[in-house]
Amino acid sequence: MVDPKSDMHMTIRVKFFASLREQIINPNTEVDGSQAKTIGDVWKLATDVPMPPHVLCSVNLEHQEPDAPVNDGDEVAFFPPITGG
Amino acid sequence: MVDPKSDMHMTIRVKFFASLREQIINPNTEVDGSQAKTIGDVWKLATDVPMPPHVLCSVNLEHQEPDAPVNDGDEVAFFPPITGG
Amino acid sequence: MPVLIKPEPFDPIAMQAAHEATLPTGSFGATASFIGTMRNVNEGDDVIGMMLEHYEGMTEKELEAVIHDAKQKWPIDDALIVHRVGAIEPGQPIVLTVVWSAHRAAAFDACRFLMEALKSRAPFWKKETLKDGSHRWVERNTPGY
Amino acid sequence: MPVLIKPEPFDPIAMQAAHEATLPTGSFGATASFIGTMRNVNEGDDVIGMMLEHYEGMTEKELEAVIHDAKQKWPIDDALIVHRVGAIEPGQPIVLTVVWSAHRAAAFDACRFLMEALKSRAPFWKKETLKDGSHRWVERNTPGY
């Protein structure tokens, strides 16, 4: 977990949805933004497991590929294929 | 017009719809079934004008081509391209 | 799978709801519907009224045949066609087609098929009254695809 | 062109009618609508309930983007998307998409586009409760075309 005394602007918030939220046990919901250049880096900092195939990603509510860049203050989310409608 | 004393089973009823009903002045609404082998014959017996292009035809409420056969007692209808919906 | 010809104004949404209430709950997953409404403009001219003529007997028969054909092509639970005839004002519904099915592809395809088949087969004719009081027969339908 | 996320049951037909009442009379000629309803069977199993999860903020944004894209592709007068979230029972509506347009081709195409785009882009996830009390995530959508 991130040191609560660290600058909040240096963190990236991480969210997991649906089956992924149930499968990823105790992920970090904030990671150090200075250590993450891409969404893939955020996954590695937030979890202990490899990213499963077919995981979808977003940055600041926009769909992105896992190699997309991230910045301090971003909200990154991971979720399985969507099944609405 | 058909002689009202003739056998009703020997007549073919003829109907015109929409713009055709307005254009064909005083058509015969019954024609002698013994003189008509096809829908085209019915047109000639019922009107004084050639059949316009794109006229649609039916016999007994079924779409038919102008060369389709007709029989005593049939109801034959002529109408322009349809514009419902 | 009812077919209705309405000489008076009808509420398509209420008719869709009323028919749906007769279907078993949870049985269908997809409802596709189309409503055709009279516009106040056609081909660039202001239109203030319309007379919709039909061939009683044949029209109903063709509408039933259209639903029959849709049932042969797609797995549909139920369908409804309502079509207005007589004197119609702008803003009033002209036609309603609804299809209920398990899945959306069949519902969309069949609902659109009902409209296109209806427009090519069911004997209806529209005569418009323009703003200047003149009348004209509508000569063709707009393309459906 | 509203987008609504509903945590409680909604009446799609009433919502379609209410939104339509805000549009100018006689302006549109074609209304295509789709309602997705929860079935009591999926992939051969009896389903007694469903939890529909979404990503608040992103879901609304994607639905608005879907309508924006439809407006770029077709001449549409208005559109409406309503989507349920939370605990859903069989027979309850899940989604409504409606498009109002001058002509039917655009209405049909755009309504179907809204559904397909929504299903591929808007973050929603379904978890079913089966008759035996077990739960499972729905892993994929049925094909739309």
Side-chain angles (χ1 to χ4, degrees), chain A residues 8-9 11-31 33 36 38-40 42-43 45-47 49-85, chain D residues 3 5-6 12 34-39 42-43 50-66 69 81-86 88 93-97 111-128 135-144:
Chain A
M8 287 301 286
H9 291 287
T11 63
I12 291 174
R13 280 163 297 141
V14 191
K15 292 184 171 185
F16 299 84
F17 288 94
S19 57
L20 217 54
R21 179 173 39 74
E22 293 179 348
Q23 286 159 19
I24 308 297
I25 309 298
N26 289 328
N28 292 321
T29 57
E30 292 188 345
V31 301
T38 68
I39 293 177
V42 173
W43 177 278
L45 292 167
T47 79
V49 294
M51 194 187 300
H54 310 305
V55 165
L56 301 176
C57 319
S58 69
V59 177
N60 300 333
L61 313 181
E62 299 266 8
H63 288 287
Q64 297 290 352
E65 296 299 318
D67 59 358
V70 292
N71 292 294
D72 289 340
D74 283 350
E75 173 170 303
V76 172
F78 298 100
F79 40 84
I82 60 189
T83 55
Chain D
V3 157
I5 304 291
K6 288 277 180 186
F34 179 83
I35 302 166
T37 306
M38 190 186 155
R39 293 167 66 225
N42 192 24
E43 300 194 355
M50 179 187 280
M51 182 61 68
L52 221 154
E53 181 173 334
H54 78 303
Y55 182 174
E56 196 177 335
M58 181 168 176
T59 303
E60 293 83 344
K61 194 165 171 294
E62 286 295 320
L63 294 179
E64 281 159 13
V66 160
D69 289 356
I81 298 178
V82 185
H83 204 294
R84 182 73 192 283
V85 293
I88 307 181
I94 297 171
V95 62
L96 168 70
T97 61
C111 181
R112 192 162 188 170
F113 170 84
L114 291 185
M115 273 305 298
E116 300 313 315
L118 173 165
K119 281 185 163 269
S120 73
R121 293 172 49 175
F124 291 106
W125 302 274
K126 290 173 179 161
K127 188 182 196 177
E128 296 175 333
H135 301 279
R136 68 178 179 198
W137 289 97
V138 176
E139 292 188 348
R140 61 182 177 284
N141 278 320
T142 52

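Chain naming here is simple, since letters A, B, ... match the order of the sequence lines and numbering starts at 1 in each.
Between chain A and the residues D:Glu62, D:Arg140, D:Met115, the most heavy-atom pairs under 4.5 angstrom are made by D:Glu62.
Residue contact with chain A, scored on non-hydrogen atoms closer than 4.5 Å, is absent for D:Arg84. With a threshold of 4.5 angstrom between heavy atoms, D:Glu139 approaches chain A through N, CA, C or O but not through any side-chain atom. There is no contact between D:Thr97 and chain A, counting heavy-atom distances below 4.5 Å.
Between the CD atom in A:Glu22 and the NZ atom in D:Lys127 there is a gap of 3.5 Å [rounded to 0.5 Å]. Remark: A:Ser19 OG to D:His135 NE2 distance equals 14.5 Å, nearest 0.5 Å.
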Pairs of donor and acceptor atoms involving the side chains of residues 75-85 of chain A, under 3.5 Å and at least two apart or interchain, shall be tabulated with distances.
residue, atom, partner, partner atom, Å
A:Glu75, OE1, A:Arg13, NH1, 2.8
A:Glu75, OE2, D:Tyr55, OH, 2.5
A:Thr83, OG1, D:Lys126, N, 3.0

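For D:Lys119, there are no salt bridge (Lys or Arg N to Asp or Glu O under 4.0 Å) partners two or more places apart in sequence or in a different chain.
When every heavy atom of A:His63 is checked against every heavy atom of D:Arg121, the shortest pair comes out as NE2-O, 2.7 Å. The heavy-atom pair separating A:Phe17 from D:His54 by the smallest distance is CE2-O, 3.8 Å.
Interface residues of residues 52-59 of chain A toward chain D, defined by a heavy-atom distance below 4.5 Å and sorted by number: A:Ser58.
Pairs of residues two or more places apart, or lying in two chains, that qualify as salt bridge (Lys or Arg N to Asp or Glu O under 4.0 Å) and include a residue from residues 57-70 of chain A are A:Glu62-D:Lys61.
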